[in-house]
Novice: 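Please see the structure below; I have some questions.
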Amino acid sequence: MSEQFDLVIIGTGAGGGTLAYALRNSGLRILLVERGDFLPQEPQNWQPVEVFDRRRYKPDETWYGADGKPFHPGVHYFVGGNTKVYGAALPRFRVQDFGAVEHEGGTSPAWPVTYDELEPYYARAEEIYAVHGASGEDPTEPPRSGPFPFPAVPHEPYIDDLSVRLRNQGLHPFHYPMGIDLRAGGRCIRCKTCDGFPCQVLAKSESDVNCVRPAMESQNITLWTNTLAHRLLTDSTGKRVVGVELERGGEKLTVHADRFVVACGAVNSALLLLRSANDKHPNGLANSSGLVGRNYMVHNNTALMAVDPFRRNPTVFQKTMAVNDFYFRGPDFAYPMGNIQLLGKLQAGMLTAAQPLVPRPILQGMADRSVDWWVMSEDLPDPNNRIELRSDGKVIVHWTPNNLVAHRKLVEAARQMMRAAGYQFVFVQPMGIETNSHQCGTARFGTDPATSVLDPTCRTHDVENLWVVDSSFFPSSAAMNPALTIAAQALRVAERIGG
Ligand SMILES: Cc1cc2nc3c(=O)[nH]c(=O)nc-3n(C[C@H](O)[C@H](O)[C@H](O)COP(=O)(O)OP(=O)(O)OC[C@H]3O[C@@H](n4cnc5c(N)ncnc54)[C@H](O)[C@@H]3O)c2cc1C
């Protein structure tokens with residue numbers, strides 16, 4: 001069986017979904033290929049035990065560390081990809097993140113585009129993803145061509161009080177930009193099961209809801225779910241991709257097109273390129289630089305629970321605030337440290353997976369009295385941190401975290417901040433190899449084919465009709481959540497592909 005399209009986009013997450021949306025009226029006949037299905041709207045969407053203990057929405061897939069230890073990766077194979085469960089925090093990167101930045105652990109490289117070049121696309125991405133935010137609160141915020149599409153998600157009273165306590169320390173807590181449907185008549189009920197959960201009422205600004213479904217209204221877009229892209233095929237010169245081998249409903253088929261976009265997420269995109277090795281591309285498709293799968297980054301992440309045993313935290317929708325005062329430097333540290341953002345309210349059922357030995361009533365008591373943060377620092381590209389595909393199909397993730405001094409400093413600063421805000425107990429949980437939610441870097445973009453896989457428009461240097469449009473293109477991870485930047489670049493690339 002064989003089919004012909006103008007463009008095939010493989011993957012429907014933040015990158016692929018946004019690209020499809022941007023090209024829906026381009027006149028191109030587009031096939032969207034997605035290995036997963038639509039995520040069902042069901043009561044289990046909001047059940048912590050189902051989502052966290054039973055991993056209901058994660059694939060039954062095992063990857064391995066370089067030490068051979070197996071782990072279950074934080075990936076989600078559905079229409080919308082990882083945005084189906086994401087926290088919907090949609091900040092822009094800072095201006096400085098696009099330049100070379102000296103860190104304690106090394107240099108974070110410059111991007112081949114500036115903030116100013118990406119700004120119009122950030123603005124458009126914020127519209128598409130209905131971002132709510134407030135300007136003028138965060139001293140690190142980049143300039144904007146216009147206001148946020150929607151006003152900030154208001155803090156609940158307990159968080160408002162915490163914000164005052166932080167401001168009294170001279171800090172600048174700010175309303176974090178969030179993509180949820182709080183418009184007049186909007187679907188969001190501001191529940192406690194947002195960050196890390198699928199949204200049962202489809203009120204989160206996800207690639208599925210905000211991009212793929214509207215894109216499907218165009219006659220030109222065809223979506224094939226439950227369809228795995230196995231291999232890309234080139235012509236005899238190796239300069240053009242001519243087809244993609246797919247597995248659909250137990251059948252194998254090849255689809256032909258003029259142009260191809262890989263948007264499978266940073267690890268799976270690298271795997272697809274590596275699996276597509278042929279005579280002309282012996283080390284993997286578009287891999288003359290040897291960098292496909294390398295420079296894997298995920299951020300250095302720590303969850304922090306600050307507990308005041310004498311005060312309950314009644315907040316339901318907690319993810320509304322962040323602190324960037326340590327983003328560029330700390331009080332006693334001349335290097336960037338990172339971002340501290342509230343998590344969705346932790347519940348006992350979310351903690352049992354990480355703390356199986358602690359009795360549930362104790363976890364419940366803590367969760368009732370805690371305020372919960374995600375402490376996130378930039379990690380640096382290291383070619384030795386890489387995705388390896390073994391000949392037996394095993395996926396090995398070589399990952400040695402770096403720039404850790406900065407992260408430890410940030411965790412300590414967050415701890416001090418919460419102690420000074422009146423929290424007697426602060427518990428921290430560093431995240432391990434399975435927390436790869438912010439995976440990126442495995443096909444970095446740049447101007448030099450020797451040191452990058454993609455050009456500044458995300459087209460591969462080696463193959464003229466092949467693009468990679470997902471978090472793989474990041475040359476550095478910054479210390480902000482990635483999805484809005486992935487979406488903005490997808491909009492920018494759409495102009496090149498569709499123009
Ligand atoms: C729990 C969690 C919370 C998060 N919170 C935030 C947040 O608050 N803010 C933020 O900015 N980011 C957040 N993220 C990260 C964000 O979701 C990702 O950065 C973003 O979704 C990445 O987009 P992508 O297009 O690179 O990949 P993905 O969104 O992962 O999409 C890849 C798609 O490709 C499909 N696919 C993979 N391989 C194949 C194949 N071989 N054939 C066909 N299809 C394939 C997958 O099924 C998937 O649909 C979070 C992630 C997680 C897991």
Side-chain angles (χ1 to χ4, degrees), residues 8-20 32-39 51-52 57-59 61 73-93 125 129 131 176-180 194-198 204-208 211-212 224-232 244-248 261-273 275-276 298-299 301 319 322 339 341-344 350 374 376 431 434-443 468-474 477-478 480-487 489-490:
V8 173
I9 301 174
I10 306 163
T12 60
T18 309
L19 182 70
L32 260 176
V33 172
E34 170 53 53
R35 71 190 294 168
D37 210 331
F38 284 95
L39 194 149
V51 176
F52 290 91
Y57 302 109
K58 287 195 178 151
E61 200 168 282
V75 288
H76 300 81
Y77 298 150
F78 293 100
V79 175
N82 267 348
T83 69
K84 284 306 292 182
V85 298
Y86 80 158
L90 291 172
R92 301 177 178 200
F93 283 8
Y129 283 85
V131 178
Y176 213 38
M178 295 294 299
I180 53 176
C194 187
D195 194 4
F197 294 82
K204 199 149 61 168
S205 301
E206 332 155 342
S207 165
D208 166 22
C211 291
V212 178
W224 286 357
T225 55
N226 298 307
T227 306
L228 179 78
H230 185 61
R231 243 174 136 250
L232 293 156
V244 56
E245 283 180 4
L246 303 175
E247 234 177 278
R248 188 172 190 229
V261 170
V262 173
C264 302
V267 173
N268 277 300
S269 285
L271 292 173
L272 178 54
L273 295 177
R275 272 203 305 273
S276 304
V298 285
H299 286 146
N301 301 300
K319 197 174 181 67
N339 159 285
Q341 64 189 264
L342 285 174
L343 279 167
M350 297 161 74
W374 192 247
M376 182 167 82
M431 296 294 126
E434 64 291 334
T435 304
N436 55 358
S437 343
H438 293 176
Q439 57 183 268
C440 64
T442 51
V468 180
V469 187
D470 58 19
S471 61
S472 309
F473 78 85
F474 286 22
S477 66
M480 301 299 278
N481 315 61
L484 192 77
T485 301
I486 301 168
Q489 173 70 353

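Order of listing sets the numbers, starting from 1, for every ligand and every atom in it. Scope of the values below: all heavy atoms of this structure, side chains included, with no hydrogens, waters or symmetry mates. Because the structure is a prediction, the values reported are computed rather than measured.
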Novice: Which option, Gly11, Ser472, Ala89, Cys264, owns the non-hydrogen atom nearest atom 32 (C) of ligand 1?
Specialist: Cys264

Novice: For ligand 1 and Ala14, I'd like to know whether there is a polar contact (N/O to N/O, distance under 3.5 Å).
Specialist: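 Min N/O separation from ligand 1 is below 3.5 Å for Ala14.
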
Novice: Going by the closest heavy atom to atom 30 (O) of ligand 1, which one wins out of Asn82, Leu19, Asp470?
Specialist: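 It is Asn82 whose heavy atom sits nearest to atom 30 (O) of ligand 1.
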
Novice: Return the closest protein heavy atom for atom 51 (C) of ligand 1 as residue, atom name and distance.
Specialist: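 Protein heavy atom at minimum distance: Ser437 CB, 3.4 Å.
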
Novice: Is Ala88 in polar range of ligand 1, meaning some N or O pair under 3.5 Å apart?
Specialist: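 There is such a contact, yes.
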
Novice: List the residues meeting side-chain hydrogen bond (donor to acceptor under 3.5 Å, both in side chains) with Ser477, not counting sequence neighbours, and say none if there are none.
Specialist: Asp379

Novice: Could you report the tightest heavy-atom contact between Ser207 and Gly17, atom names first, then the distance?
Specialist: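 Taking Ser207 first and Gly17 second, the nearest heavy atoms are OG-CA, 3.3 Å.
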
Novice: I want to know if ligand 1 touches Val85 in the polar sense, i.e. an N/O pair below 3.5 angstrom.
Specialist: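 Checking ligand 1 against Val85, no N or O pair falls under 3.5 Å apart.
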
Novice: Closest heavy-atom contact between Tyr129 and Ala14?
Specialist: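 Scanning both residues, the minimum pair turns out to be OH-O, 4.0 Å.
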
Novice: Considering the options Arg92, Gln341, His299, which one meets the side chain to side chain donor-acceptor pair (under 3.5 Å) requirement together with Asn481?
Specialist: Gln341

Novice: Which residue and atom name correspond to the protein heavy atom nearest atom 19 (O) of ligand 1, and how close is it?
Specialist: Pro482 CG, 3.3 Å

Novice: In terms of residue, atom name and distance, what is the protein heavy atom nearest to atom 5 (N) of ligand 1?
Specialist: Gly87 N, 2.9 Å

Novice: What pairs with Thr12 under side-chain hydrogen bond (donor to acceptor under 3.5 Å, both in side chains), at least two apart in sequence or on another chain?
Specialist: Glu34

Novice: Atom 22 (C) of ligand 1: which protein heavy atom is closest, and how many Å away?
Specialist: Ile486 CD1, 3.6 Å

Novice: Please state whether Val75 comes within less than 4.0 angstrom of ligand 1, counting heavy atoms only.
Specialist: no

Novice: Nearest heavy atom to atom 50 (C) of ligand 1: which of Trp224, Phe473, Tyr86 does it belong to?
Specialist: Tyr86

Novice: Any atoms of ligand 1 less than 4.0 Å from a non-hydrogen atom of Ala263? List them with their elements.
Specialist: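 Those of ligand 1 that fall under 4.0 Å from Ala263 are 32 (C), 33 (C), 34 (O).
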
Novice: Using distance alone, determine whether Phe78 and ligand 1 share an N or O pair under 3.5 Å.
Specialist: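 Yes.
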
Novice: Looking at atom 42 (N) of ligand 1, what's its closest protein heavy atom, distance included?
Specialist: Ala229 N, 2.9 Å

Novice: Give a yes/no on ligand 1: does Ile10 have at least one heavy atom closer than 4.0 angstrom to it?
Specialist: yes

Novice: Nearest heavy atom to atom 39 (C) of ligand 1 wins, so pick from Gln439, His76, His299, Arg35.
Specialist: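 Checking each option, the heavy atom nearest atom 39 (C) of ligand 1 is found in Arg35.
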
Novice: Taking 4.0 angstrom as the limit and counting only heavy atoms of Gly265, give me the atoms of ligand 1 inside it, by number and element.
Specialist: 26 (O), 27 (O), 32 (C)

Novice: Give the residue and atom name of whichever protein heavy atom lies nearest to atom 25 (O) of ligand 1, and the separation in Å to one decimal.
Specialist: Gly15 N, 2.9 Å

Novice: Does ligand 1 come near enough to Ala483 that some N or O of the ligand is less than 3.5 Å from an N or O of the residue?
Specialist: yes

Novice: So between Val262, Leu39, Thr83, whose heavy atom ends up nearest atom 21 (O) of ligand 1?
Specialist: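 Nearest heavy atom to atom 21 (O) of ligand 1 lies in Thr83.
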
Novice: If you have a sec, work out which protein heavy atom is nearest atom 31 (O) of ligand 1 and how many Å separate them, to one decimal?
Specialist: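 Residue, atom and distance for the closest contact: Gly13 CA, 3.3 Å.
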
Novice: For atom 48 (C) of ligand 1, state which one of Gly81, Ser471, Gly74 supplies the nearest heavy atom.
Specialist: Gly81

Novice: Short N/O distance, under 3.5 Å, between Glu34 and ligand 1?
Specialist: yes

